[in-house]
Enquirer: 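Sharing a structure, written as C-alpha cells. Questions coming.
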Amino acid sequence: MKSVMPDMQPMNQTVQETPQFRVLTEDQIEQIYFAALDVLERIGSRVHHDEALKLFRSSGDAVVSEDKRVRVPASLVERALKSYPRKITLKGRNGKRSVALQKDHVYFGTGSDLPFTYDRKTGERRRTTYKDVVDAGRIVDYLDQYDFFMSHGIVGDAPNPQTYDRHQFMAMLEGCTKPMVVTSVDGEGLEDLWKMACVLQGGEEEFRLNPMFVAYIEPISPLTNDVTAVEKLLFAAEKGIPAMYTPCPSSGATAPATIAGMLVQSLAETLLAIVLCHLKKPGMPLIMGGVTTVMDMRTTTYSYGAPELSLASAANTDISKWLKLIMFSTGGCSDSKCLDEQAAIESTISNLTAFLSGANLVHDVGYIDSGVNASLESLVMNNEIIGMVRQVGKGVKTDEEHLALKVIDEVGPGGEFVTHDHTYEHWREWFLPKLMDRSDWETWNNEGAKSMSERIDEETQRILDTHEPLPIDDAAKKELKAIIDAAEKRHS
Amino acid sequence: MAVDLGKMSDLLIAGKVEDVSNMVQEAIDDGMDSSEILQGGLIAGMDVVGQRFKACEMYIPEVLRSAKAMSAGMIKLRPLLIESGAKTAGTFVIGTVKGDLHDIGKNLVAMMFEGAGFNVVNLGIDLDTQVFVDAVKEHKPELLGMSALLTTTMPRMGEVINALKEAGIRDQVKIMVGGAPVTDEYAKEIGADIYGANAASSVDKGREALGD
Ligand code: B1M
C-alpha cells in the first residue's frame with residue numbers, strides 16, 4: 001500500500017504505546033527509600049520468632065536487642081535487595097502459565113477470608129461457607145477479566161479453626177482452575193497447601209518452575225512481625241514458594257497520617273522481610289505488597305473505598321518498580337454495605353488507578369463492607385469495570401493505519417464510515433460491553449426495563465447455573481483429601 | 001476566685017490536656033468538691049464532645065484528644081472521688097482473645113472509655129482465657145470487654161465467659177464483646193451482655209448497661 005501521508009518517518013518523536021501514569025518522581029522514591037532505611041537502622045522492627053532472630057544475629061550485620069527489635073544497616077538491605085527475581089510466572093491447575101508477573105503486567109483477582117456473605121435477595125448477611133468459596137471460584141473461573149483467585153469468602157463451616165485453610169484451598173481448587181493467592185493459618189498450614197498444589201502441579205520441582213500460587217503473608221503494622229507470619233515466610237523461602245509480605249497499615253491509626261509517612265513505614269516493614277528471606281535463602285521469589293489506606297476518622301473503619309487507598313497504592317507501586325520488585329496491590333473494593341452506586345464508584349476508582357500504576361497482582365476485587373462482606377454480584381460487576389479499565393489502558397496508536405488519513409480521503413466530506421473496510425477491520429479493538437446498557441428507551445423498556453443491578457443479578461445466576469470448571473481427577477482428589485485428613489487427625 | 005468550670009469544659013473540648021490537668025489541680029487546691037469538678041467541668045465538656053462527634057463537627061483525633069484531657073483530669077480526681085464515696089464511671093478491663101493479633105480497634109474502644117471517665121485496664125492481645133479470669137479477680141471491674149476480629153478466634157470469648165462462670169464470678173461483671181465478625185446475635189448466643197459495634201456506640205451501651 002502506497003503511503004498517502006506526506007511525512008511518515010519524522011525524527012525525534014516520542015510515541016506512547018500506553019497511557020503513562022505515575023505518582024512519585026524518582027527523587028521522591030529515593031527520599032522514601034532512604035527514610036525507610038533510616039527506620040531500619042534507628043528504630044528497627046520487632047520479630048517474635050527465634051530462628052529469625054538467630055538468622056539476624058548470625059548475619060554479622062543486623063543488631064538484635066533484648067526486646068526483640070531487629071535493626072539492619074543499609075548495606076545489608078541493599079545487598080539483599082539484589083537477590084530477588086524480577087519475574088515469576090504462575091500456572092493454574094488448568095495448565096496455563098497465564099500470570100506472568102513482571103514489570104507493568106497487571107493481573108486482577110479477588111481478596112480472601114470474608115466472614116459474611118451479603119444476600120441480595122433478602123438484604124441480609126449470613127456467615128460464609130465452603131459452598132460460597134466454591135461458587136466465588138466458579139465465577140472467577142468463568143469471567144475473563146479475572147486472572148487469579150483468592151478465596152473471597154472464608155469457609156466458616158470448616159470443622160476446626162486450626163485447619164480451615166486446607167478446606168478453603170480445596171474449595172478454591174474445586175471452583176477455579178486459575179492461579180491463586182492463598183492465606184494460611186500458620187507454617188504448617190502453608191506446608192499442607194503447598195503439598196496439595198504439588199499434587200496437581202506434578203511435584204515439588206515442577207511447582208518451583210510453575211508455581212500455582214503465591215502465599216499471602218503480612219506483618220503487623222507498625223513494625224511488628226508475629227511468629228506465624230515469620231514461620232510462613234521462612235517456610236516459603238526454604239521451599240521456593242512465591243510469597244508476599246504485605247503490610248496493612250491504616251494511616252492515622254497504625255501508621256502516620258501522611259501518605260509519605262505511611263509509605264516509609266510500610267517500606268521498612270517490607271525491607272525487613274527482604275533481609276530475612278535473603279538470610280534464609282537468597283533469591284526466593286518474594287513479592288512486595290501493601291494495603292495502604294486510611295482509617296476513617298468518623299467511623300474508625302479501615303477504608304477500602306478511600307481515594308487515599310488508590311493514591312497510596314499507586315505510589316507504592318512506583319516504589320516497587322524502582323526497587324525492581326513485583327507488586328501486590330489493591331482495587332475493586334468498597335466500604336458500601338451492599339452492592340450499590342457507592343460500591344460501583346469506589347471499585348472503579350481503585351481498579352483504574354491500580355491498573356494505570358502497573359501493579360502486578362491487584363487483589364480484593366469484589367470486597368464490600370470494608371473487607372467484611374462477600375458478594376458474588378460484586379465480582380460480576382467488577383468484571384465489567386476491569387474490562388473498561390483495560391480498554392483505557394490500551395492507549396492510542398498513531399501509526400499510519402491508525403491515523404487513517406487514507407480512509408478520511410476516500411470517504412471525503414459528507415460520506416460515511418460504517419461500510420468502509422477500515423471500520424470492518426478495526427471496530428473490534430473497542431470494548432464490547434456485556435452488562436452496560438446502551439440501547440434506546442423503547443428497546444430497554446421492551447426488554448424489561450432492567451437496571452444494571454438486575455442485569456448483574458441475572459448474569460451471576462446464569463454463571464452459577466451453567467459454569468462447571470474442569471474437574472479435578474479422582475486420583476488427585478484422593479491425594480488432596482489424604483493431606484486434609486492427616487491435618488485433621490493431627491489437630492483433633 | 002473560684003475556678004471557672006465552664007472554662008475547664010472549654011479547654012477539655014479544645015483538647016488542652018495539660019491545661020485541663022492543671023485546672024483540675026487548682027480546683028482541688030481551692031477546695032472545690034470533687035463531684036462538682038467532675039460533673040460541671042469534665043463530664044459537661046465530654047457531653048459536648050459527644051454531641052459534636054455525632055453532629056460531625058468533631059472527628060476521632062479531636063475526640064481522643066479530649067478523652068486524653070478527661071483522663072488526665074481523672075488521674076487527679078479519682079482518688080478523691082473514691083475517698084468521698086462518690087459514684088465514678090467504674091473500671092473497664094479489655095483485651096483481645098487468644099490467637100488474635102488485631103490491636104487497634106480494641107485500643108480505640110479503650111481510649112473512648114477513658115474519655116468517659118472509666119478506669120481502663122488494657123490487657124493487650126492474644127490473651128489466654130485465664131488472663132481474663134485473673135484480671136476480673138484482681139481489678140474487680142464493673143465491665144469486662146473482649147475483642148475478636150476473626151471467626152476463628154471469636155469462640156474464645158464464649159470460653160472466657162464459661163471460665164468466669166466456673167470461677168463463680170460471672171455475675172460480678174457485665175460483659176461486652178465486639179469486633180468485625182461479631183454480631184448482636186452472637187453476643188447473646190455466648191452469654192455476653194452487650195455487643196459493641198464501634199468505639200463510640202460501645203461507650204453509650206456500656207454506660208447504659210451499668211445504669212448510668
Ligand atoms: C469489648 O467491646 C468491644 C466493643 C467494640 C469493639 C471491640 C470490643 N473490638 C472491636 N470493636 C469495634 O470497635 C472498634 C473501634 O470502632 C472496631 O474495631 P475494628 O478492629 O473493627 O476497627 C479498627 C479500628 C479498624 N479495622 C482494622 O484495623 C481491621 C481491618 C482489617 C483489614 C484487618 C487488618 C488491618 C489486619 N489483619 Co486481619 N484484618 C481484617 C480487617 C477487615 C475489617 N474491616 O475488619 C480481618 C478481620 N482480618 C482477617 C484475616 C483473615 C486476617 N487478619 C490478619 C492480620 C491482620 C493484620 C495484622 C495485617 C492487620 C491488623 C493490624 C493491627 N495492628 O491491628 C491475620 C490474622 C492474624 C491474627 N492471628 O490475628 C489474617 C488471618 C490474615 C492471614 N491469613 O494472615 C479477616 C477475618 C477473617 C476471619 N477469620 O474472620 C478480615 C475480616 C479481613 C479479610 N477479609 O481478610 C469495632 O469492630
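Below, chain A is the first sequence line, B the second, and so on; all start at residue 1.
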Enquirer: Roughly how far apart are B:Met58 CE and A:Arg298 CZ, rounded to 0.5 Å?
Expert: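 So the gap between those two atoms works out to 12.0 Å.
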Enquirer: Might you confirm whether atom NZ of B:Lys174 has over 12 heavy atoms from other residues, nucleotides or ligands at distances under 6.0 Å?
Expert: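 No - once you tally the heavy atoms of other residues, nucleotides and ligands closer than 6.0 Å, there are 12 at most.
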Enquirer: List for me each residue that meets side-chain hydrogen bond (donor to acceptor under 3.5 Å, both in side chains) alongside B:Arg78, sequence neighbours excluded, and say none if there are none.
Expert: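 Here no residue qualifies.
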Enquirer: Using a 4.5 angstrom heavy-atom cutoff, name the option from B:Ala180, B:Ser201, B:Cys56 with the most pairs to chain A.
Expert: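 Top count of heavy-atom pairs under 4.5 Å with chain A: B:Cys56.
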Enquirer: Surrounding NZ of A:Lys131 (heavy atoms of other residues, nucleotides or ligands, distance under 6.0 Å), is the total greater than 12?
Expert: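 No.
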Enquirer: Can you tell me how far OH of A:Tyr302 sits from CD1 of B:Ile104, rounded to the nearest 0.5 angstrom?
Expert: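 Answer for the CD1-OH pair, B:Ile104 versus A:Tyr302, is 12.0 Å.
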Enquirer: Donor-acceptor pairs under 3.5 Å, side chain of residues 135-145 of chain B to any protein atom, not counting sequence neighbours: which ones?
Expert:
residue	atom	partner	partner atom	Å
B:Lys140	NZ	B:Lys137	O	3.0
B:Glu142	OE1	B:Thr91	N	2.6

Enquirer: Can you establish whether the number of heavy atoms outside B:Arg65 located under 6.0 Å from its atom CZ is more than 12?
Expert: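 No.
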Enquirer: In terms of heavy-atom proximity below 4.5 Å to chain A, should B:Met154 be classed as side chain, backbone, both, or neither?
Expert: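 The side chain, not the backbone.
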Enquirer: Is it the case that more than 12 heavy atoms not belonging to B:Lys165 sit under 6.0 Å from its NZ atom?
Expert: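 Above 12, so yes.
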Enquirer: Working to the nearest 0.5 Å, report the span between OG1 of B:Thr151 and CG of A:Asp113.
Expert: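 So the gap between those two atoms works out to 8.0 Å.
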Enquirer: What's the spacing between A:Met295 CE and B:Leu108 CG if we round to 0.5 Å?
Expert: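 So the gap between those two atoms works out to 5.0 Å.
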Enquirer: For chain A, which of B:Leu101, B:Leu64, B:Asp103 has the most heavy-atom pairs under 4.5 Å?
Expert: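 Option with the greatest count: B:Leu101.
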Enquirer: For B:Phe53 and A:Met297, work out which heavy atoms get closest and say how close.
Expert: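 Heavy-atom minimum between the residues: CE1-O, 4.4 Å.
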Enquirer: Find the distance between CD1 (B:Ile125) and CD1 (A:Ile220) and round it off to the nearest 0.5 Å.
Expert: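 Rounded to the nearest 0.5 Å, the CD1-CD1 separation comes to 5.5 Å.
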Enquirer: For A:Lys337, does the NZ atom sit with more than 12 other heavy atoms under 6.0 Å from it, leaving out its own atoms?
Expert: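 Yes, enclosed.
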Enquirer: Mind checking whether B:Asn198 and A:Thr299 have side chains closer than 4.5 Å, heavy atoms only?
Expert: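 Heavy-atom side-chain distance check fails, nothing below 4.5 Å.
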